[in-house]
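Predicted model, so just to flag it, every value in this text is computed and none were measured.
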Amino acid sequence: WTAAMGAATAVVQGQELRPAPGFWMRLGGNFRTGYSVKFSDTAAPAPTGAGQFSNGFVLPSISGTNAPFTWNWGYDDAAQVRGSTLVLERFDARPRVGGLDGGSDLLLGGELRAGFEAVRFEWLDREMRFGVEGGYSMGMLSASAAGSATGAASFTRGTYSLVGANGTPILAPAAPYAGTFNGPGPLIPLSPLSLETVTGAGALATTQLGLDATLHTFRLGPYLEVPLGKKWVAGFGFGYNTVLPDAELRIRETTTYPGTSLAPTDLERTVRRSDWRPGGYVEVRMQYEFSRRVSAFAAAEFQVNQDVEFGAAGRQVRIGMGSVYGGSAGVRVA
């Protein structure tokens, strides 16, 4: 009886030191590096040729049938209709800042992860632990860049009549409007009432771009743990990794034209984008068990995700997420 009780006590103690498979959670801080930010110039080339403007066009229509009038015309904004005239404009040339490098940033944040240890098995005289884990982490990413450019500027303004052949006023369709070569549509004179060009040699363009993004990362995959001793455990995990960048791009551009009658042009725009980017991750970690339920961990990871691209007003930003390294540390509770 005494021997049996002793054996039972030993078994119970062994079970207390080595808990059965079950759920666990871990909480900690993390860092990631390898994100890159690049700003690019995606503005369309300046329009060229007679009748071509940045905010509209007046071009010949079908085989001269309508000459000297045309229905192949269009414009962008209601403010271009001024009384009985239509005003169209373009910059034939002006300096513009090209692509800019926002560099890379160290992302700091926190993570919460939970898992289920599904099974234990013996291999090479070691008790292996296999399970599934999922987690969420968050961090902030910021980048900025600025540049300037100087050069010649040339600006053309064309004024077209909105009066028909018999002196009948032409009612312009609501903006934006675009006629076609084959028509039909309202006819306006093909030749402008006036066409004036202003040039200057010392225009100055300045550009300021900024990005702020909150990166939300979710992951799911299997893991394997190998006890290295009484207290130390090594772990390996991999799986699916998806990132949601809640990103904001700020654009500020100003161009001045000293020595000309042209007023400075100023552009301010803010663009937001949130889009899931799929990928994968690999992680290795070490764990020190203070007790059968509480342990501390440190981990290193590598993750790959699709890049993010978005923009407006001739500017675009790319967040590169193709090779990101990081680490984490914290507490795990079984």
Side-chain angles (χ1 to χ4, degrees), residues 1-35 106-141 214-244 279-305 324-334:
W1 173 255
T2 302
M5 287 297 294
T9 301
V11 170
V12 170
Q13 289 176 344
Q15 289 175 344
E16 290 177 349
L17 292 174
R18 292 180 5 184
F23 291 97
W24 54 264
M25 292 185 64
R26 80 185 207 194
L27 180 67
N30 64 5
F31 73 92
R32 294 190 177 108
T33 185
Y35 296 104
L106 178 66
L107 184 146
L108 301 175
E111 73 165 6
L112 175 65
R113 196 174 299 192
F116 176 71
E117 184 183 314
V119 65
R120 295 185 179 188
F121 59 93
E122 295 287 338
W123 187 63
L124 298 179
D125 296 328
R126 294 185 182 275
E127 184 184 62
M128 317 295 283
R129 307 171 185 176
F130 176 81
V132 178
E133 63 182 0
Y136 163 76
S137 62
M138 182 187 72
M140 302 294 295
L141 179 68
T214 302
L215 302 187
H216 304 274
T217 302
F218 294 87
R219 56 181 47 176
L220 178 68
Y223 72 89
L224 181 68
E225 293 181 341
V226 184
L228 300 180
K230 188 175 180 180
K231 296 289 187 180
W232 290 97
V233 178
F236 171 79
F238 67 95
Y240 178 74
N241 186 89
T242 182
V243 178
L244 175 66
Y281 76 96
V282 175
E283 180 187 77
V284 293
R285 60 179 173 266
M286 290 296 295
Q287 186 173 303
Y288 182 81
E289 298 179 334
F290 296 105
S291 68
R292 65 191 183 92
R293 296 194 180 278
V294 180
S295 57
F297 74 90
E301 66 177 45
F302 173 74
Q303 70 179 45
V304 176
N305 288 88
V324 175
Y325 298 86
S328 60
V331 177
R332 169 173 154 160
V333 179

Below 4.5 Å, heavy atoms only, C-beta onward: do E111 and T217 meet side chain to side chain? no
V282 meets the side-chain contact (heavy atoms from CB on, under 4.5 Å) criterion, sequence neighbours left out, with F236, F238
M25 side chain reached by F23 side chain, heavy atoms, under 4.5 Å: no
List in chain and number order the residues that pass side chain to side chain donor-acceptor pair (under 3.5 Å) with T242, two or more places apart in sequence or in another chain; answer none if no residue qualifies. none
The side-chain contact (heavy atoms from CB on, under 4.5 Å) partners of L27 (sequence neighbours excluded) come to L112
R32: salt bridge (charged side-chain N to carboxylate O under 4.0 Å, His left out) partners, not counting sequence neighbours: E301
Tell me, please, which residues at least two apart from Y325 pass ring-ring contact (aromatic ring centres under 6.0 Å, His included). F302
The side-chain contact (heavy atoms from CB on, under 4.5 Å) partners of L106 (sequence neighbours excluded) come to F31, T33, L108
Results of side chain to side chain donor-acceptor pair (under 3.5 Å) for N241 - residues two or more places apart only: R219, N305
For F290, what residues pass the ring-ring contact (aromatic ring centres under 6.0 Å, His included) criterion, not counting sequence neighbours? Y288
Test side-chain contact (heavy atoms from CB on, under 4.5 Å) applied to Y223 - qualifying residues, sequence neighbours left out: W24, E117, E133, E225, R285
For Y281, what residues pass the ring-ring contact (aromatic ring centres under 6.0 Å, His included) criterion, not counting sequence neighbours? none
May I ask you to test the R26-S328 pair for a side-chain heavy-atom distance under 4.5 Å? yes
